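A quick write-up on the structure given underneath.
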Amino acid sequence: MKKSVLSAAFGALVLGVAFSAPAQAAGVSACLITKTDTNPFFVKMKEGATAKAKELGVTLKSYAGKIDGDSESQVAAIESCVADGAKGILITASDTKGIVPTVKKARDAGVLVIALDTPLDPINAADATFATDNLLAGKLIGQWAKETMGDKAKDAKVGFLDLTPDQPTVDVLRDQGFMIGFGIDPKNPDKIGDETDKRIVGHDVTNGNEEGGRKAMENLLQKDSGINVIHTINEPSAVGAYQALKAVGMEKKVLIVSVDGGCPGVKSVKEGVIGATSQQYPLLMASLGIEAIKKFADTKEKPKPTEGKSFFDTGVALVTDKPVPAVKSIDVKEGTAKCWG
């Protein structure tokens with residue numbers, strides 16, 4: 001895909017012009033704004049949006065920041081999309097609260113804004129959300145970890161490798177879900193770090209990448225070298241955690257669980273690096289988002305959430321080769337057939 005760096009006014013943004021729309025679809029344009037353009041999850045999301053936009057004859061522009069948490073770039077991207085006359089914006093927000101005023105301006109200008117993967121805070125700040133049920137994703141790996149440990153879960157020493165200090169909704173939901181599944185009271189459901197369960201060693205942030213996961217794991221080991229369960233925000237951070245554990249000979253003593261379901265992550269499950277992961281489907285999120293923007297451009301109709309939920313649920317499945325009776329799961333073979341990245 002053709003890429004060019006925007007002017008200094010847009011700092012870290014990376015802009016990719018996907019293609020020109022056919023003449024009959026003139027004026028139907030969309031933007032995809034992701035947290036980064038390197039994480040396999042967002043690479044697959046972009047792939048899904050690009051393919052569906054080409055199929056429907058929609059002009060697509062893609063934006064991403066340098067790192068997870070680069071909200072300033074996302075603000076600039078939204079402003080650019082509105083100025084360009086985009087009919088709709090798909091966004092995975094880095095700062096789910098801070099981005100809301102800019103999103104409101106876009107919606108006030110008549111642009112359809114759909115959150116992908118990460119709900120805004122509040123969720124109704126976007127016109128719609130297409131996402132994994134992140135609370136359920138966390139519950140699945142929490143339940144699996146609890147059942148796998150058996151009686152030892154009562155005396156577990158648990159660490160959390162989170163995303164960023166801003167505590168985006170996806171981070172909070174996965175953490176809270178894991179705690180509920182594992183049998184830990186999460187206290188305030190909208191906040192990370194206020195728990196009082198003595199089994200929790202602590203939280204650290206990773207920026208969702210391997211290096212961040214490694215450093216965060218090292219920090220938690222300094223707090224308690226007896227840590228034996230690690231919940232990670234995503235699979236890159238899980239791999240980083242494993243590297244830190246292996247460096248001190250603890251890789252077989254700590255149970256690591258994660259969320260993503262990318263092909264590298266599923267391979268890590270097969271290799272025993274990760275015990276289990278909750279698989280989500282970013283290509284589907286993005287392709288459905290493009291379909292919704294095209295429909296909105298043609299009919300002004302906005303997408304509706306899944307019945308009984310505040311968002312459109314794109315599905316989740318626990319992937320492991322060590323199933324437990326209490327938790328429904330798929331094996332690595334099936335997870336590989338459905339993986340991405």
Side-chain angles (χ1 to χ4, degrees), residues 1-6 8 10-18 31-51 53 60-78 80-81 89-96 99 115-118 131-132 134 161-166 168 170-171 174 204-217 232-244 258-268 273-274 277-287 289 339-341:
M1 182 173 291
K2 184 179 179 181
K3 293 185 178 179
S4 60
V5 179
L6 288 180
F10 297 107
L13 285 177
V14 178
L15 167 62
V17 182
C31 289
L32 172 68
I33 306 171
T34 55
K35 298 174 185 178
T36 74
D37 62 358
T38 55
N39 187 310
F41 184 85
F42 301 124
V43 171
K44 183 56 64 171
M45 188 174 279
K46 186 174 180 178
E47 181 181 313
T50 299
L60 179 66
K61 292 182 179 180
S62 300
Y63 298 80
K66 285 183 177 179
I67 62 170
D68 206 321
D70 185 6
S71 186
E72 290 183 6
S73 290
Q74 295 193 321
V75 168
I78 292 174
S80 180
C81 292
I89 295 172
L90 307 177
I91 183 169
T92 59
S94 287
D95 184 345
T96 51
I99 202 74
L116 300 183
D117 177 56
T118 305
T132 305
N134 282 295
L161 301 193
D162 299 321
L163 193 57
T164 64
D166 295 330
V170 65
D171 207 353
R174 292 178 188 179
D204 211 319
V205 296
T206 66
N207 286 319
N209 58 51
E210 287 189 25
E211 179 63 14
R214 184 184 64 78
K215 290 181 178 178
M217 187 71 251
T232 65
I233 183 65
N234 65 4
E235 291 156 358
S237 62
V239 172
Y242 181 84
Q243 292 169 348
S258 195
V259 178
D260 258 354
C263 296
V266 174
K267 183 180 178 183
S268 290
V273 172
I274 300 172
T277 190
S278 287
Q279 187 172 64
Q280 47 184 348
Y281 305 102
L283 190 150
L284 180 62
M285 294 177 199
S287 60
C339 73
W340 41 268

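On a predicted model such as this, the values are computed, not experimentally measured, just so you know.
Across Gly208 and Asn234, no two heavy atoms sit closer than the pair O-ND2, 3.0 Å. When all heavy atoms of Leu60 and Ala53 are compared, the pair lying nearest together is CB-CB, 4.1 Å. Contact detail for Gly261 and Thr277: the closest heavy-atom pair is N-OG1, 3.9 Å. Considering all non-hydrogen atoms of both residues, Asp68 and Ser94 come closest at OD1-OG, 4.0 Å. Considering all non-hydrogen atoms of both residues, Cys339 and Gly262 come closest at CB-C, 3.9 Å. In terms of heavy-atom proximity, Val205 sits nearest to Pro165 at CG1-N, 3.8 Å.
Val43 meets the side chain to side chain contact (heavy atoms under 4.5 Å, CB included) test with no other residue; sequence neighbours excluded. With sequence neighbours excluded, the residues satisfying side chain to side chain contact (heavy atoms under 4.5 Å, CB included) with Thr96 are Ala93, Thr118, Asp121, Pro168, Thr169. Taking Asn39 as the reference, nothing meets the side chain to side chain donor-acceptor pair (under 3.5 Å) condition, with sequence neighbours excluded. Scored by the side chain to side chain donor-acceptor pair (under 3.5 Å) test, Lys44 finds Glu47 as partners (sequence neighbours excluded). In this structure Asp117 satisfies the side chain to side chain contact (heavy atoms under 4.5 Å, CB included) test together with Phe41, Met45, Thr92, Asn134, Val170, Arg174, Gln280, Met285, sequence neighbours excluded. The side chain to side chain contact (heavy atoms under 4.5 Å, CB included) test applied to Ala238 returns Thr232, Ile256, Ser258, Ile274, not counting sequence neighbours.
A distance-only check finds a donor-acceptor pair linking the side chain of Thr206 to the backbone of Asp162 [under 3.5 Å]. Side chain of Ser80 to backbone of Ala76: no donor-acceptor contact under 3.5 angstrom is found.
Residues Leu283 and Trp340 form no side-chain contact, since every pair of their non-hydrogen atoms from C-beta on lies 4.5 Å or further apart. Between Thr34 and Ser62 the shortest side-chain heavy-atom distance does not fall below 4.5 Å. Within the 4.5 Å cutoff, the side chain of Thr164 has no heavy atoms near those of the Lys35 side chain. Counting only heavy atoms from C-beta outward, the side chains of Asp166 and Asp171 never approach each other to under 4.5 Å.
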For this session: With salt bridge (charged side-chain N to carboxylate O under 4.0 Å, His left out) as the test, would you mind laying out the steps for Lys215 and Glu211 before giving the verdict?
Result: CA-CA 6 Å; Lys215 290 181 178 178; Glu211 179 63 14; 3.8 Å; yes

For this session: Go through the steps for Ser73 and Tyr63 under the test side-chain contact (heavy atoms from CB on, under 4.5 Å), then give the verdict.
Result: CA-CA 8 Å; Ser73 290; Tyr63 298 80; over 6 Å; no

For this session: Give the C-alpha distance, both sets of side-chain angles, the deciding distance and a yes or no for side-chain contact (heavy atoms from CB on, under 4.5 Å) between Leu161 and Ile233.
Result: CA-CA 6 Å; Leu161 301 193; Ile233 183 65; 5.7 Å; no

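The CZ atom of Arg214 lies 10.5 Å from the CG atom of Asn209; values are rounded to the nearest 0.5 Å. Note that CG of Asp70 and OG1 of Thr36 are 10.0 Å apart. Values are rounded to the nearest 0.5 Å.
Residue Glu72 places its CD atom among 12 or fewer non-hydrogen atoms of other residues, nucleotides or ligands, all under 6.0 Å distant.
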